[in-house]
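All heavy atoms count here, side chains included; hydrogens, waters and symmetry mates do not. Keep in mind it's a predicted model, so treat the numbers as computed, not measured.
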Amino acid sequence: MNETELIEGLKARDEDSFKMLVENYKDRIFNLCFGYLRNANEAEDLAQEVFIEIYNSIEKFKGNSSLQTWIYRIAVNETLQLIRKQKAQKRFGFLSSLFGQEDKLDSHYRENFHPGVALENKERSRVLFSAIDRLSENQRTAFLLSKIEGKSYQEIAEIMQTSISSIESLLYRAKSNLKKQLGHYYKNKAL
C-alpha cells in the first residue's frame with residue numbers, strides 16, 4: 001500500500017490502514033517520545049496519544065508535506081505539550097509545598113535512558129540528557145530529531161515548519177550550548 005492509498009484508507013476509517021500506520025510508525029514515534037521523556041511508560045502512553053490524534057485529525061491532513069512529516073509534527077507537538085503540562089504541575093507542587101499543602105515536593109526525576117545512546121555509563125547519560133533538557137525547546141527538538149532520529153535538515157525543517165537555515169542555526173546553537181554545559185563536567189572529571 002503506497003502513501004496515497006494509506007491516507008485514503010485512514011480518511012475512510014479503514015481498520016487495516018490504521019493497523020499498517022501503527023505498525024510502520026510505532027517504533028519511531030516511541031523513540032522520539034522516549035528521547036524527550038526518557039521514561040518508557042510515559043513514552044508508550046504518549047505514543048498511543050499521538051496515534052489517537054492522528055486518527056482523529058487525519059481529515060485535516062492536506063498533503064502539503066509527506067505523511068511522515070505530518071506524523072512527526074504531531075508527535076513533537078504532543079510531546080512538548082506534555083512537558084509543558086508536567087512543568088506546570090511541578091511549579092504548582094512546589095508552591096503547594098511552600099504553603100504546607102503538600103508534604104513532599106514532586107521530584108519527577110527521569111532515571112530511564114534512551115536505548116540508542118551508547119555512552120559508557122548511566123552517569124554520563126544522565127549528564128548528557130540533563131544538558132539537553134536545558135536547551136531551548138526549539139534547539140532540543142532540532143537536536144533530538146537530528147541526532148536521535150537521524151532526520152535530515154530538510155526533514156527537520158518540514159517537521160518544525162521552518163527553513164533549513166533556521167535548523168542549521170538551531171543545531172549550531174544547541175551544539176555550542178551543550179559544549180559549554182558539558183565542557184565544565186568533563187574538565188572537572190579530568191582532574
Side-chain angles (χ1 to χ4, degrees), residues 3 6-7 10-11 17-18 20-91 108 110 112-117 125 128-178 181:
E3 185 173 293
L6 179 62
I7 293 166
L10 291 170
K11 288 183 177 182
S17 296
F18 188 70
M20 178 179 268
L21 174 85
V22 171
E23 191 60 37
N24 288 342
Y25 289 97
K26 68 180 179 184
D27 292 338
R28 294 183 236 176
I29 298 305
F30 172 82
N31 285 337
L32 178 66
C33 296
F34 193 85
Y36 277 98
L37 304 172
R38 287 176 311 288
N39 178 302
N41 292 331
E42 284 182 3
E44 188 174 319
D45 289 346
L46 186 57
Q48 290 176 8
E49 291 296 322
V50 168
F51 285 111
I52 290 169
E53 180 61 27
I54 292 166
Y55 182 82
N56 289 334
S57 61
I58 190 66
E59 293 296 326
K60 296 176 186 174
F61 179 70
K62 303 293 183 212
N64 297 333
S65 64
S66 70
L67 181 63
Q68 177 178 301
T69 297
W70 186 73
I71 290 170
Y72 269 92
R73 191 175 304 134
I74 289 172
V76 167
N77 289 339
E78 290 287 321
T79 304
L80 294 176
Q81 185 177 341
L82 176 65
I83 290 169
R84 286 184 204 115
K85 182 179 175 184
Q86 288 174 338
K87 284 182 181 178
Q89 288 172 343
K90 280 188 203 177
R91 284 191 295 270
H108 184 72
R110 301 175 194 137
N112 294 312
F113 301 93
H114 193 285
V117 178
S125 183
L128 172 62
F129 279 109
S130 177
I132 291 170
D133 283 346
R134 289 191 296 271
L135 294 174
S136 74
E137 201 172 84
N138 284 338
Q139 288 177 22
R140 183 172 61 236
T141 298
F143 186 81
L144 289 173
L145 287 171
S146 175
K147 300 303 180 190
I148 304 296
E149 292 301 311
K151 297 292 179 195
S152 70
Y153 286 14
Q154 177 66 42
E155 290 171 314
I156 298 169
E158 289 174 10
I159 291 167
M160 294 182 69
Q161 296 180 314
T162 190
S163 68
I164 292 175
S165 61
S166 293
I167 298 303
E168 290 170 344
S169 177
L170 285 170
L171 287 171
Y172 176 80
R173 288 194 313 259
K175 290 174 189 175
S176 295
N177 288 333
L178 289 173
Q181 292 178 46

> A side-chain contact here means heavy atoms from C-beta on lying under 4.5 Å apart; do Gln68 and Arg28 qualify?
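Yes, at least one pair of side-chain atoms sits under 4.5 Å.
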> Measure the shortest side-chain to side-chain distance between Lys62 and Trp70 over non-hydrogen atoms and say whether it is less than 4.5 angstrom.
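Side chain of Lys62 against side chain of Trp70, heavy atoms only: no contact under 4.5 Å found.
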> Can you tell me how far CZ of Phe18 sits from CG of Leu10, rounded to the nearest 0.5 angstrom?
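The CG atom of Leu10 sits 8.0 Å away from the CZ atom of Phe18.
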> Return yes if some donor-acceptor pair links the side-chain N/O of Glu158 with the main-chain N/O of Glu155 below 3.5 Å, else return no.
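The answer is no, because no donor-acceptor pair under 3.5 Å joins these two groups.
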> Can you see whether Asn31 engages Glu149 through a side-chain donor-acceptor pair at a distance of less than 3.5 angstrom?
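Result is no, nothing qualifies.
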> Roughly how far apart are Gln139 CD and Arg134 CZ, rounded to 0.5 Å?
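Gln139 CD to Arg134 CZ: 12.5 Å, rounded to 0.5 Å.
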> Are Tyr36 and Thr141 close enough that a side-chain donor and a side-chain acceptor fall under 3.5 Å?
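There is such a pair between these side chains.
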> Answer yes or no: is there a donor N or O on one side and an acceptor on the other, between the side chain of Thr79 and the main chain of Ala75, under 3.5 Å?
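Answer holds: yes.
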> Would you give the length of the straight line joining atom CD1 of Ile148 to atom CZ of Phe129, rounded to the nearest 0.5 angstrom?
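That separation rounds to 4.5 Å.
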> Can you tell me if Glu78 uses its side chain to pair, donor with acceptor, with the backbone of Leu46 under 3.5 Å?
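Answer holds: no.
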> Without swapping roles, check the side chain of Ser176 against the backbone of Tyr172 for a donor-acceptor pair under 3.5 Å.
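Judged by distance alone, yes, a pair lies under 3.5 Å.
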> Using a 4.5 Å cut-off on heavy atoms from C-beta on, say whether the side chain of Glu49 contacts that of Asp45.
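Asp45 vs Glu49: side chains apart.
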> Tell me, do Leu171 and Tyr153 make a side-chain contact under 4.5 Å, heavy atoms counted?
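Answer yes - side chains close enough.
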> When you compare the side chain of Leu21 with that of Ile71, does any pair of heavy atoms fall below 4.5 Å?
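In short, these two side chains touch, coming nearer than 4.5 Å.
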> Which value, rounded to the nearest 0.5 Å, describes the distance between Phe34 atom CZ and Asn39 atom CG?
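Nearest 0.5 Å value for the CZ-CG distance: 7.5 Å.
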> If you measure only the distance, is there a donor-acceptor pair under 3.5 Å linking the side chains of Ser169 and Ser166?
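Side chains of Ser169 and Ser166: no pair found under 3.5 Å.
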> Would you check if the side chain of Lys26 reaches a backbone N or O of Phe51 as a donor-acceptor pair within less than 3.5 Å?
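Not at all, since once roles are kept as given, no pair shorter than 3.5 Å links the two residues.
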> Do Met160 and Leu170 have side chains that approach each other closer than 4.5 Å (heavy atoms only, starting at C-beta)?
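A side-chain contact under 4.5 Å exists here.
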> Rounded to the nearest 0.5 Å, how far does CD1 of Ile58 lie from CG of Leu67?
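Spacing of CG (Leu67) from CD1 (Ile58) equals 5.5 Å.
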> Side-chain contact, heavy-atom cut-off 4.5 Å: Leu178 with Phe143?
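When only atoms from C-beta onward are counted, Phe143 and Leu178 do touch, with a gap below 4.5 Å.
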> Establish, from distance only, whether the side-chain atoms of Arg73 and Thr69 form a donor-acceptor pair under 3.5 Å.
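Checked: Arg73/Thr69 side chains show no N/O donor-acceptor pair below 3.5 Å.
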> Quiz question: by atom type and distance under 3.5 Å, do the side chains of Arg140 and Ser136 form a donor-acceptor pair?
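Not at all, the side chains of Arg140 and Ser136 share no donor-acceptor pair under 3.5 Å.
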> Is a donor on one side and an acceptor on the other found under 3.5 Å between the side chain of Ser57 and the backbone of Glu53?
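At least one qualifying donor-acceptor pair exists.
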> Would you sort out whether Arg38 and Ile132 count as a side-chain contact (heavy atoms from CB on, under 4.5 Å), showing the intermediate values?
CA-CA 12 Å; Arg38 287 176 311 288; Ile132 291 170; 5.7 Å; no
> Charged N to carboxylate O below 4.0 Å: is that the case for Glu137 and Arg84?
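Salt bridge: yes.
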> When rounded to the nearest 0.5 angstrom, what distance separates CD in Glu44 from SG in Cys33?
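The CD atom of Glu44 sits 10.5 Å away from the SG atom of Cys33.
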> Test Ser146 against Lys151 for side-chain contact (heavy atoms from CB on, under 4.5 Å), laying out the working first.
CA-CA 5 Å; Ser146 175; Lys151 297 292 179 195; over 6 Å; no
> Would you say the side chain of Leu37 lies within less than 4.5 Å of the side chain of Leu82, judging by non-hydrogen atoms?
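Yes, their side chains come closer than 4.5 Å.
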